[in-house]
Amino acid sequence: QIPLMSPLLPTSAYPLWTQAWMRVAFEKPFGWDSSSAEQLNSQLSRLLSPEEMCRIDHYLSKQAVQEILPFRMRNRNVLDPLWNRLDVERVEIALKEKQGAKGRIDFFDDYGIIRDIMQNHLTEIMSLVAMDTPFNLSNHDEVWRNKMAVLTRIHPLCPWTAVTGQYDKYFQEVLEETKRAASNHSLTSTFAAVAVYFSTSRWEGVPFLLMSGKSLSESASYIRVIFRHSTFTLQPTTSSTTHNSSSFHRQLIFVIGHDSLRSPAILISRGLLTKVRPGPNWEELLDVEALSTGDEGLHIFGSPLMDYQVLVPRTTCDAYSTIISDLLGGLSGMCVREETLTAAWKMWSPLLQTLAQRSPRIYAHGDPNSTLDFEIVHGGLKFKLPDKKTLVHFIQSDDHFQPVPAYKIMENSTLLGDPLVALPTEDLLSALVLHIQKSANEAVARSGEFHIALPGGHTSLALFRALASARYATTLPWERMHVWQTDERCGGASQDGGGIENSGSNFALLREILLQHVTLSPSQLHPIPVDNHHCGPTEALDYAAELISTVHEGRLDLVVLGLGKDGHVASLFPGDSAALSVVDPVVSITMPRRLSLSVTSLRHARSVAIVVTGQSKRKVLESMILAAIRERTKKHGEEEEAEEVGGGVEQNNVQDPGRQGATNTMEGESLEEKERRSGIFSENHADDKNIRKVKGEKKREGRRLLFWLNPLQWPLAAAHPENGSLKWFVDLEALPRARTWSDHGS
Ligand SMILES: O=C1O[C@H](COP(=O)(O)O)[C@@H](O)[C@H](O)[C@H]1O
């Protein structure tokens, strides 16, 4: 029909029988990301005039969704004063389904739950809840303007604000419905939950939790506005009514559909709003139990139905029937405008890109258990751990699709002899943020200030984001914090020639992702002063002077380090003997051209947290462990041999080329100093005093395997804090697998 109805000719140019109008309805998802949606729009606009196109979203025609704005308008006197961050704790918008993706895998596997449900249905609904109430609902432009005003004020969605899952049978279905090779696993999410935050004065800091999943244990879609409660009860603590549901949850729920309810409904906690007015097509249900499809006593969100005032539509109708009749009636209010669509893709595309490589958590289909339970931590989302004492993390095994326990990580784990926290990435970052918070509180209690040095690199990106979102939690003493850098690239301070991530400046990244989102005065920021032309001894000395004059005893409270694939930490690279043997300077000039906290200042720190994430880091950890075990075994062998022949026979470390640099005595250095510097145990002395010393050292070595590493090859061994602590934070991807490091409890 399209050529006949070209928008280039007026309708009257056609014979009377063709003087019909045309409307083409496009079902969502409209596009796959921002650019494909834009392309689709531009191609279609060559064929159809804007009036002829209608992008539909059938959720907008669901009765409860259609009632959001009229309900808000009608009850604006009571609702408006509550519709803000002071009174609303969070908003949940959910579309949960029992049904899986079976039968439409061909589509679903390319799109996944976020593109299928969240980018369109849930985003549209969220805007109806978050927008200012329009004055005239039939003024589509006003409604649209209010919608755009919130859709364009969303904090960027970052990976730590999302959790994703995939039901266990999904990949089997993929294999059955597509020609996919069994080795080619699907990372498509069938479940996702995302915390969205608005940067508006009305909603800043209030999480809008969008959730959707297939193959869940119930079908239910709803919008749940949960209000803060500020009532304290002085009833006896043993009273059975103290914790009854009505004393706690005050909520307004738009039930779009629910397999336990007869019809859509609006549920209002009794006592939350007085004099609620139903719309003309809605009525109050006095016998609230009649809403339930099952037995009496149904609980919705922890409260019995009778705890709610219930409004229901007088007659129910199906969303697609409404859409078709609206289309035939020439209405266009329900069509999604291009600008709204663009804003929605702009919101979701970056997140989709970053989630593309993330493995979703596997859950059993239809499982009523809580594998997918998640929590809000520092503004982000993380799955709850299945068990507090023992973490059993589920991953897909290579040859079948059932979840299998891959790790059993015990409490008090160690890595190379130092405490280890090993968790999935999001959990790990939360644990690290908590560790920082704990160190900060301790430091502030001790000295009134907290001095932290932060690294650059990929790992730090995720950490900065986690810290930036932790600003919602008020527990970090930002006003007492001083932020230092562990290292900086020479010439990297400007952002010329590419985006922040490619700017080569650790500080630019730190500022962009973290510092600009928190309130820190310039005197609390300590960037390493480098640029292309000035990056040498003067700058190193300046930074050292700043550190010594600002930080008590020059001891940083916490240094966060990443670990390079080659084993470098800060900018101390393996084999850089100049930087690694320097004992004095606080800041070293290293190869390649960088300024770095020196071995001395790292050894001097009160604590070090070393963060290792991603599969690409597994090898380096494995090499470190193997090297340490090899060295120690070798050393123990030599020692036993030495003892057999009378003990205390000098062992010559220089025979081992790997150790040469570390054990050569520097000019004027005593043997003892040499040992301390090299970090290598040596049984060179035969007299009693030294035997005692040697025994003490051995005990220490037993605990700390890192001690055995050649510090010239493994800078971390050189940089271990001497009178402080070191803690590993390793995600499950980076954790060496398929072995049990039972040696010395590691
Ligand atoms: O658009 C979609 O929605 C349905 C759920 O719609 P409902 O009207 O049955 O609640 C969902 O199953 C489908 O995956 C999605 O494309």
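Just follow the structure's listing: the first ligand is 1, and inside any ligand the first atom is 1.
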**Request:** Return the set of residues passing disulfide bond (SG atoms under 2.5 Å apart) with Cys54 (not counting sequence neighbours), or none when no residue passes.
**Result:**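 Checked Cys54 against disulfide bond (SG atoms under 2.5 Å apart); matches are Cys335.
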**Request:** Establish, from distance only, whether the side-chain atoms of Arg145 and Asn139 form a donor-acceptor pair under 3.5 Å.
**Result:**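 Side chains of Arg145 and Asn139: no pair found under 3.5 Å.
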**Request:** Verify the distance criterion only: is there a donor paired with an acceptor across the side chains of Ser34 and Ser349 at less than 3.5 Å?
**Result:**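 Their side chains do contain a donor-acceptor pair, which is all the 3.5 Å distance test asks for.
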**Prompt:** Side chain, backbone, both or neither: which part of Asn120 comes within less than 4.0 Å of ligand 1 when only heavy atoms are counted?
**Reply:**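 Neither; no heavy atom under 4.0 Å.
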**Request:** Kindly confirm or rule out a cation-pi arrangement of Arg76 over Phe135, judged by NZ or CZ under 6.0 Å from the six-membered ring centre and within 45° of its axis?
**Result:**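 Satisfied, under 6.0 Å and within 45°.
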**Request:** Would you please name every residue forming a ring pair (Phe, Tyr, Trp, His ring centres under 6.0 Å) with Tyr222, sequence neighbours left out?
**Result:**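 Residues passing ring pair (Phe, Tyr, Trp, His ring centres under 6.0 Å) with Tyr222: Phe301.
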**Message:** Would Glu27 count as a contact residue for ligand 1, given that I'm defining contact as a non-hydrogen atom of the residue lying under 4.0 Å from a ligand atom?
**Reply:**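 The answer is no, since Glu27 has no heavy atom less than 4.0 Å from ligand 1.
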**Prompt:** Do any heavy atoms of Phe108 fall under 4.0 Å from ligand 1?
**Reply:**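 It does not; every heavy atom stays at 4.0 Å or beyond.
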Protein contact to [atom] [nearest heavy atom, distance to 0.1 Å]:
atom	result
atom 10 (O) of ligand 1	Tyr59 OH, 2.4 Å
atom 16 (O) of ligand 1	Asp116 OD1, 2.6 Å
atom 9 (O) of ligand 1	Lys62 NZ, 4.5 Å
atom 3 (O) of ligand 1	His58 CE1, 3.4 Å
atom 13 (C) of ligand 1	Arg104 NH1, 3.4 Å
atom 5 (C) of ligand 1	Glu97 OE2, 3.5 Å

Please could you name the atoms of ligand 1 that [X] approaches to less than 4.0 Å, counting only its heavy atoms?
X	value
His121	1 (O), 2 (C), 3 (O)
Lys214	11 (C), 12 (O), 13 (C), 14 (O)
Ile117	15 (C)

**Message:** Using 30° and 60° as the class boundaries, would you call the ring planes of Trp83 and Phe227 parallel, tilted or perpendicular?
**Reply:**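 Rings of Trp83 and Phe227: tilted, 30 to 60°.
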**Message:** If I apply the N/O under 3.5 Å rule, does Lys28 come out as touching ligand 1?
**Reply:**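 Yes: some nitrogen or oxygen of Lys28 is under 3.5 Å from one in ligand 1.
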**Request:** I would like to know whether Ile376 and Leu381 meet side-chain contact (heavy atoms from CB on, under 4.5 Å); could you show each step before the answer?
**Result:** CA-CA 5 Å; Ile376 303 180; Leu381 298 187; 3.8 Å; yes
**Prompt:** Is the side chain of Arg115 donor-acceptor paired with the backbone N or O of Phe108 at a distance under 3.5 Å, no angle test?
**Reply:**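 No; judged by distance alone, with no hydrogens or angles, the pair does not exist.
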**Prompt:** Under the 3.5 angstrom rule, does the side chain of Thr161 hit a backbone N or O of Leu157 as a donor-acceptor pair?
**Reply:**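 Such a contact is absent between Thr161 side chain and Leu157 backbone.
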